[in-house]
Amino acid sequence: MTTEIEKEKTETSNFLEEIIEAHIAEGRYPGGILTRFPPEPNGYLHVGHATSICLNFGLAQKYGGKCNLRYDDTNPVTEETEYVDSILADVRWLGFEPAGIFYASDYFQQLYDYAIDLIKKGHAYVDDSTAEEIAAMKGTPTEPGKDSPYRSRSVEENLDLFQRMRAGEFAEGSKTLRAKIDMASPNMIMRDPLLYRIKFAHHHRSGDDWCIYPMYDWAHGQSDSIEGITHSICTLEFVPHRELYDWCIEKLGIWPSKQYEFARRNLSYTVVSKRKLLKLVNEGHVAGWDDPRMPTISAMRRRGYTALAIRDWAKRIGIAKRENLVDLSLLEFCVREDLNRLATRAMAVLDPLKVVITNYPDGPGELMEIENNPEDPSAGSRKLPFSNQIWIEQEDFMENPPPKFFRLSPGTMARLKGAYIIQCDEVVKDAEGKPVELRCTYFPDSRSGSDTSGLKPKTTIHWVCGRCSIPGEVRLYDRLFTVEDPANDEREFLELINPDSLKVVPNAMLEASLADGKVGDKFQFLRLGYFTPDPDSTPERPVFNRTVTLKDAWAKAKG
RNA sequence: UGGCCUAUAGUGUAACGGUAGCACAUCAGAUUUUGGUUCUGCCUGUCGAGGUUCGAAUCCUUGUAGGCCAACCA
């Protein structure tokens with residue numbers, strides 16, 4: 001039996017959990033903790049968002065709290081409803097249900113009222129300076145900025161001007177609302193940050209109700225406060241914003257949400273910047289946002305990654321505050337571990353080589369019983385047709401094998417998975433000397449399950465029936481980039497695309513049962529890897545995506 | 001040349017002043033009707049220099065390296 005102390009010992013916690021545990025211990029949040037996942041609906045969610053989702057929802061789950069989904073939709077020119085829908089679908093697919101679904105845009109009136117309050121308290125002013133002038137007066141990290149000439153306007157004038165901004169009396173870009181803080185602050189964020197800008201833009205939810213929109217710094221913390229978020233967790237680049245986050249809440253005297261920052265997790269061999277992903281899609285380097293090579297959640301789903309594997313991965317890589325580049329192999333390990341447990345085994349031959357068994361009766365042959373999943377006896381078994389004509393993998397035969405090769409070659413034998421042991425007697429070659437057919441003999445007393453032959457072939461290979469297998473397309477995916485960290489390479493990232501990231505096998509031979517595969521089903525093609533049906537499949541022509549290969553000691557040994 | 005954040009095996013992450021662990025990766029071996037799975041073992045680490053202390057990855061000083069901040073983006 002595991003004691004509580006032992007549990008604590010085995011479960012290491014990250015710094016955010018320590019903070020939350022301390023808060024719980026001191027009874028700071030009697031109503032429970034409340035976190036939020038705050039995406040801007042301006043693109044598809046990617047693997048980085050996935051870790052953030054797992055963090056925020058996971059923390060809430062672990063400590064008996066709740067987690068909201070809040071769309072940070074304060075910039076109407078970049079945001080679309082299409083993204084709103086895909087984001088929610090991705091969150092749910094990952095296995096989380098938001099306690100509430102909110103939109104920063106629903107708080108526009110409240111945020112406006114807060115701004116009026118701030119102006120009345122003398123902490124904000126309307127600035128007529130242009131963007132260039134504001135930038136020029138901002139100073140630099142080493143030099144203080146200069147006060148705007150409009151900084152000392154009266155409360156009455158500010159109120160009047162701000163209300164008229166809202167009423168649409170001023171042109172876009174002609175005025176802004178700014179917090180009056182300190183133009184000499186060593187923290188650039190505190191040098192009278194912009195709170196509102198004028199944009200005559202149609203918003204995907206609020207329509208044309210507003211022509212002024214709040215900036216991130218004015219919207220985010222207050223939205224947190226309105227919802228009663230206890231732990232507002234964001235990435236490291238927002239550290240300098242925390243001072244402003246606290247300043248706004250304090251000046252307004254509203255419920256104090258608190259911000260905590262962690263280092264975003266980066267995955268090797270990929271990029272996640274919106275601009276770069278867009279370029280990959282728009283220039284046709286990939287087939288779309290859900291091309292299985294993309295780092296988007298929708299792409300990982302299409303590729304066959306499971307939500308459980310992604311959640312497990314997020315848990316394993318942990319949370320900290322230092323820069324990191326997480327090795328893709330850990331994600332692949334998590335995917336394999338989950339798929340090994342649940343994938344139905346099947347056989348498929350990607351590069352078929354015909355085998356004729358010369359001493360086996362011609363005709364339909366026998367049905368061989370074969371397990372569906374050795375890891376899960378409850379998965380049962382199926383009957384696989386065997387005959388004197390089968391397909392095996394070209395790779396499983398070598399006429400002149402190197403030392404450690406223990407598959408088929410002239411004179412050697414191999415077990416056909418779930419069937420008989422065969423021996424290669426003769427190689428038929430084409431004009432170029434390429435093997436096109438193997439003539440083999442089988443050992444009748446070596447039948448799988450009732451083998452009395454006493455033969456011990458060095459390996460077992462996969463095969464499919466030469467008479468009743470079905471052709472299909474198989475897409476083999478590999479990492480999209482050739483370098484670990486394409487985002488931090490001197491070379492243009494497009495030059496770093498892996499030319500072999502997709503190999504299409506147009507005519508693989510599949511065991512007939514694979515015709516019934518549905519999108520979402522998970523298969524292991526024996527000795528090849530994990531595969532999942534692609535939505536491009538048709539009843540006439542199944543299409544499979546390779547999720548990830550099996551670990552392959554032979555491939556490694558070959559070099 | 002300002003402010004802030006960070007630095008532990010190849011990678012990621014623990015150790016909360018008291019034996020530097022774990023996972024992945026790598027390598028070696030056992031098992032195996034998947035060169036898969038499973039199991040066992042090996043190798044490798046506290047950025048540097050001072051200081052405090054009986055004792056420092058941990059605290060202090062300093063250096064170095066990396067990151068963030070001068071968008072009417074989030």
Side-chain angles (χ1 to χ4, degrees), chain A residues 10 12-14 18 38-40 42 72-75 77-78 127 130-131 134-136 138-145 172-178 185-191 194-199 212-213 215-217 219-220 234-243 261 263 265 268 274 313 316-334 336-337 340-341 345 347 370-371 374-375 404-407 414-419 421 446 448-449 451 456-462 484 524-529 549-558:
Chain A
T10 52
T12 60
S13 56
N14 60 56
E18 287 178 9
E40 181 185 13
N42 69 346
D72 223 342
D73 56 350
T74 57
N75 187 1
V77 301
T78 61
D127 195 334
T130 64
I134 289 175
K138 195 100 182 177
T140 69
T142 54
E143 298 164 51
E172 212 165 277
S174 65
K175 283 182 170 52
T176 58
L177 182 72
R178 289 230 261 170
S185 172
N187 181 354
M188 299 285 293
I189 302 295
M190 297 298 278
R191 320 245 262 228
L194 265 61
L195 268 23
Y196 272 92
R197 75 284 215 189
I198 299 170
K199 271 184 196 289
I212 56 171
Y213 290 94
M215 301 289 290
Y216 167 85
D217 286 308
H220 203 92
C234 62
T235 46
L236 246 29
E237 66 266 31
F238 290 99
V239 168
H241 292 253
R242 189 176 60 231
E243 192 179 351
E261 311 87 10
R265 273 78 55 92
S268 63
K274 175 90 191 301
W313 174 71
R316 283 171 182 266
I317 59 182
I319 294 290
K321 295 181 83 164
R322 56 177 149 162
E323 294 297 313
N324 59 75
L325 185 61
V326 182
D327 201 312
L328 176 63
S329 65
L330 181 58
L331 211 205
E332 293 187 333
F333 168 82
C334 294
R336 285 192 189 103
E337 186 176 59
N340 177 51
R341 185 178 59 79
R345 269 57 173 179
M347 293 202 274
I370 188 163
E371 61 197 345
E375 304 294 321
K404 290 273 177 65
F405 184 87
F406 37 83
R407 275 108 102 144
R415 156 80 62 188
L416 294 174
K417 174 70 184 179
I421 294 170
S446 68
S448 191
D451 182 359
K456 296 282 174 221
K458 279 200 228 155
T459 192
T460 298
I461 62 175
H462 62 277
E484 272 202 313
Q524 182 195 102
F525 290 179
L526 244 52
R527 302 208 300 137
L528 297 177
T549 60
L550 254 28
K551 276 174 74 177
D552 189 345
W554 169 243
K556 216 170 262 177
K558 274 194 305 190

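What you are looking at is a predicted structure, and each value in this text was computed from that prediction instead of being measured. Throughout, a chain's letter reflects where its sequence line sits, starting with A, and its residues are numbered from 1.
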Q: May I ask you to decide if Asp552(A)'s main-chain N or O and Arg527(A)'s side chain share a donor-acceptor pair within less than 3.5 Å?
A: no
Q | d(NE2, His462(A); P, U33(B)) in whole Å | A | 19 Å
Q) Who pairs with Lys558(A) by side-chain contact (heavy atoms from CB on, under 4.5 Å), at least two apart in sequence or on another chain? A) Glu395(A), Trp554(A)
Q) NA contact type, Gly449(A), heavy-atom cut-off 4.0 Å: base, sugar-phosphate, or nothing? A) base
Q: Sugar-phosphate means primed atoms, P, OP1 and OP2; the rest is base. With that split, encode nucleotides 39-47 of chain B 5' to 3' as B, S or - using protein heavy atoms under 4.0 Å.
A: ---------
Q.
Which residues pass the side-chain hydrogen bond (donor to acceptor under 3.5 Å, both in side chains) test with Glu237(A), not counting sequence neighbours?
A. Thr235(A), Arg264(A)
Q) Within this structure, what is the CG-to-P distance between Asn340(A) and U37(B), rounded to whole angstrom? A) 7 Å
**Q.** By side-chain contact (heavy atoms from CB on, under 4.5 Å) - contacts of Ile370(A) (at least two apart)
**A.** Met347(A), Arg382(A), Leu384(A), Lys417(A)
Q: Starting at atom CZ of Arg336(A), determine the distance to atom P of U34(B), rounded to an integer number of angstrom.
A: 18 Å
Q: Have a look at Pro374(A) and say if it touches a base, only the backbone sugar-phosphate, or nothing, with a 4.0 Å heavy-atom cut-off.
A: base
Q: From the options G35(B), G36(B), A23(B), select the nucleotide whose nearest atom is closest to the side chain of Arg316(A).
A: A23(B)
Identify each atom pair where a protein N or O and an N or O of nucleotides 26-32 of chain B are less than 3.5 Å apart, giving names and distance.
residue, atom, partner, partner atom, Å
U26(B), OP1, Lys556(A), NZ, 2.1

Q) Can a donor-acceptor pair under 3.5 Å be found between the side-chain atoms of Thr460(A) and the base atoms of U34(B)? A) no
Q: Name all residues meeting the side-chain contact (heavy atoms from CB on, under 4.5 Å) criterion together with Glu143(A); count only those two or more places apart in sequence or in a different chain, and write none if there are none.
A: Thr140(A)
Q) Between Arg316(A) and Glu337(A), is there a side-chain N and carboxylate O pair less than 4.0 Å apart? A) yes
Q | Contacts of His241(A) that satisfy side-chain hydrogen bond (donor to acceptor under 3.5 Å, both in side chains) - sequence neighbours left out | A | Asp217(A)
Q. Given Watson-Crick or G-U pairs with both distances under 3.5 Å, what dot-bracket string fits RNA chain B, with | for other-strand pairs and [ ] for crossing?
A. .((((((..((((....[..))))..((((.......)))).....(((((..]....))))))))))).....
Q: Taking only the side-chain nitrogens and oxygens of Arg527(A), find out if one of them lies under 4.0 Å from OP1 or OP2 of G35(B).
A: yes
(Q) With no hydrogens and no angle check, just 3.5 Å: does a side-chain donor-acceptor pair link Asp327(A) and Ser329(A)? (A) yes
Q. Can you give one letter per nucleotide of nucleotides 67-74 of chain B, 5' to 3': B if a protein heavy atom sits under 4.0 Å from the base, S if only from the sugar-phosphate, - if neither?
A. SSSBSBSB
Q. Any side-chain heavy atom of Asn75(A) within less than 4.5 Å of one from Asn42(A)?
A. no
**Q.** C1' spacing across the pair U46(B) / U19(B), given as an integer number of angstrom
**A.** 15 Å
Q) Ignoring hydrogens and angles, are the base of G36(B) and the side chain of Glu375(A) linked by a donor-acceptor pair under 3.5 Å? A) yes
Q. Pro38(A): what forms a side-chain contact (heavy atoms from CB on, under 4.5 Å) with it, not counting sequence neighbours?
A. Arg36(A), Asp72(A), His220(A)
Q. Side-chain donor or acceptor of Gln524(A) under 3.5 Å from a matching atom on the base of U34(B)?
A. yes
(Q) Can you check the distance between C68(B) and A14(B), where both ends of the measurement are the C1' atom (answer in whole Å)? (A) 26 Å
Q) For the side chain of Phe405(A), counting heavy atoms from C-beta on, which of C24(B), G35(B), A14(B) is nearest? A) G35(B)
Q.
List the residues meeting salt bridge (Lys or Arg N to Asp or Glu O under 4.0 Å) with Lys175(A), not counting sequence neighbours, and say none if there are none.
A. Asp128(A)
Q. How close or far is atom P of G10(B) from atom CG of Asn324(A), stated in whole angstroms?
A. 17 Å
Q) Would a distance-only check, ignoring hydrogens and angles, find a side-chain to backbone donor-acceptor pair under 3.5 Å from Asn187(A) to Pro240(A)? A) yes
Q) Between atom CH2 in Trp313(A) and atom P in A25(B), what is the gap in whole Å? A) 15 Å
Q | Partner residues of Arg242(A) under the salt bridge (Lys or Arg N to Asp or Glu O under 4.0 Å) criterion, sequence neighbours left out | A | Glu261(A)
(Q) Between P on G36(B) and CD on Glu332(A), what's the gap in Å once rounded to a whole number? (A) 16 Å
(Q) At less than 3.5 Å, do the side-chain atoms of Arg407(A) and the base atoms of G35(B) form a donor-acceptor pair? (A) yes
